Amino acid sequence: MSLHPRIQEVTERIRQRSAPLRRAYLEGIDAAHRDGPQRSRLSCGNLAHAFAACGPTDKGRLRADVTPNLGIINAYNDMLSAHQPFEFYPDIIRQVARNLGATAQVAGGVPAMCDGVTQGRPGMELSLFSRDVIAQATAISLSHDMFDAVLYLGVCDKIVPGLLIGALAFGHLPAVFVPAGPMTPGIPNKKKAEVRERYAAGEATREELLEAEAASYHAPGTCTFYGTANSNQVLLEAMGLQLPGTSFVNPDQPLREVLTRAAAERALRITALGNDYRPIGQLIDERAIVNAMVALMATGGSTNHTIHWIAVARSAGVVLTWDDMDLISQTVPLLARVYPNGEADVNRFAAAGGTQLVFRELLDAGLMHDLPTIVPGGMRAYGDEPRLQDGQLAYAPGVAQSADEDVVRPVSRAFEPQGGLRLLRGNLGRSLIKTSAVKPEYRFIEAPAVVVDDPRALNKLHAAGALPQDFIAVVRYQGPRANGMPELHSLAPLLGLLQNQGRRVALVTDGRLSGASGKIPAAIHLTPEAARGGPIGKLREGDIVRLDAEAGTLEALVDAAEWERRELAPNTTPAALDIGRNLFAVSRDVVTPADQGGLSISCGLPHHDGTWEYDAEYELGDAAHAAEAPHEAKDA
């Protein structure tokens, strides 16, 4: 099947836009590769330090410098359920390497915070910046020049994007990402949400709420809803950086360890020391980035990736924009209904056909690039399902038809003709909405604004009976520069409760919303943010706001002359408890806007005049968007 013309169009315009940056990036990794294995250039003192703690066998191999040495970047901690299984992965990987005559070392650990713990807490203000810290920690770990390929152990929210950015800084090294899998099903996510809403209404006790939460988050593995963590896994497979079918195998299954062993074996086979060299910097090009976005839209994945994958793309010398994402979403049908876009969890999604069925459908429809990956066979290999046969890993074709069309469907019977996200434009700026989680009857709202700078104020207004019957909650000064762009998922139970009562409500914010959020129409990531002088700062209590997800518009219905005269409102948010926040003051000062990846570190970008420098402030303005995408400018 030939590539769909819209997918070809967006891929080509990304390629052209990125050409100078991508060329410079490839030249850099080619130079690193030409220098040969980095370890060979270490002095005797350098090398002795690097293998001092190794056993005799590993030490002998590292001294000889003739066999591959795998680096392991580990995001393990035993507080984060998704990462707790990684405690034992390094031992497995080291043993595989030794059995194959090679070596493996833990190059370093990276932080892994749990957004589920920090939701609604001051610590959430560190969450987005933790991605950039992880990228830097990855680079520090790999700076020892000891490794021929790297295994990345990470699953959740900011951890995978951070690892990817760090890995792409060492683009001459092959990279294999190794997941831990989801926890087994607990209570249904919908039932958990219902208890949360009853608690918000004062109809459930704290003990009932805690019991429901504990029954949902109950074991090692990722949370079972289709939030940012599980979206990470699908996007990694769509770019060919994980072994096929590895995303949703539970931690306690025998197949899980076999897949981990296979990942180590594969990493050893794709180093520059062999004849199948596959460095990550060459694999991740504009086609791989488009594949990731296609998979995101087709499955109704996390809105967080509209920020993270811009940052990831730029780390590979590729300039991705929200306009690209919007065009992809308008082209790719919605093939999955997984909570919060439906009632199924990721275990049920995998059982119904999972990524294998989705990828095969997208490839057959010309909606996804078939490209080189870490395994032979390109993306077509990702239509196969891993199985355990006589204790060995084997692959078989994935199911030909969905086992449950309430959860996953073929292109011919898609849930919706368009994907899960939509770009909104208007006099308030540019923002995004996750349409796949919102029923069609709620995708349009015109109502008065309730304007707050502190999200906790909404709960106080509700308790006081001061909220209008219908309203749009405007929560401003929540962007990257203001406070690190925390997730506002803690608002979901209240707004969901009000919608259940028949009231029309929505959210407009320059902050983020958790990948688990849905149901309520929410225009998020509004750019420019209030702290950068964005128009959201002009909104006043009672202003009528119109949000139309189908038309792709977000407007303050205020007289134009009055709107022009208005000044920005000051930030009235009470000072947060510090909890390390002061350490990220510089990050807030230099961070790029959400539509440029929310980056507080440099990814190496060209200046507007074409000169080259590592500069995080590369912008693609509205005029450039209109010039390259006239059909989108017309729609706007």
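Predicted, not measured: the structure shown is a model, and the values here were computed from it.
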Taking the basic N atoms (NZ, or NE/NH1/NH2) and the acidic carboxylate oxygens, is any pair closer than 4.0 Å for R94 and D91? yes
Heavy-atom side-chain proximity of L164 to W309 below 4.5 angstrom: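 They are in contact (side-chain heavy atoms under 4.5 Å apart), so the answer is yes.
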Considering only heavy atoms from C-beta outward, does the side chain of I159 approach that of R131 to under 4.5 Å?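 Of all side-chain heavy-atom pairs linking R131 with I159, none is under 4.5 Å.
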Checking [X] side chain against [Y] main chain: does a donor-acceptor pair fall under 3.5 Å?
{"X": "T271", "Y": "A267", "value": "no"}
{"X": "R61", "Y": "R98", "value": "yes"}
{"X": "Y25", "Y": "L168", "value": "yes"}
{"X": "R256", "Y": "V249", "value": "yes"}
{"X": "D132", "Y": "S600", "value": "yes"}
{"X": "S18", "Y": "V319", "value": "yes"}
{"X": "D390", "Y": "Q392", "value": "no"}
{"X": "R22", "Y": "A316", "value": "yes"}
{"X": "R337", "Y": "F349", "value": "no"}

Quiz question: by atom type and distance under 3.5 Å, do the side chains of [X] and [Y] form a donor-acceptor pair?
{"X": "N250", "Y": "N347", "value": "yes"}
{"X": "Q95", "Y": "N99", "value": "yes"}
{"X": "Y226", "Y": "T299", "value": "yes"}

In Å and rounded to the nearest 0.5 Å, what is the NZ to CG distance from K158 to N232? 9.0 Å
Quick check on side chain to side chain contact (heavy atoms under 4.5 Å, CB included): which of R380, M379, M368 does R360 satisfy it with? R380
Indicate every side-chain donor-acceptor pair of residues 281-294 with a distance under 3.5 Å to a residue at least two apart or in another chain.
residue, atom, partner, partner atom, Å
D285, OD1, R287, N, 3.0
D285, OD1, A288, N, 3.1
D285, OD2, R287, NE, 3.0
D285, OD2, R287, NH2, 2.8
N291, OD1, H369, N, 2.8
N291, ND2, A238, O, 3.3
N291, ND2, H369, O, 2.9

Between I374 and R266, which heavy-atom pair has the shortest distance, and what is it?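 Here I374 and R266 meet closest at O-NE, 2.6 Å.
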Take the angle between the ring planes of F584 and F129 and call it parallel below 30°, perpendicular above 60°, tilted in between. parallel
H33 and Y277 aromatic ring geometry - parallel, tilted or perpendicular at 30°/60° bounds: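 If you compare the ring of Y277 with that of H33, the planes turn out parallel.
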As a quick check of understanding, evaluate salt bridge (Lys or Arg N to Asp or Glu O under 4.0 Å) for E257 and R261, giving each step before the final call. CA-CA 6 Å; E257 181 174 330; R261 293 180 179 278; 2.9 Å; yes
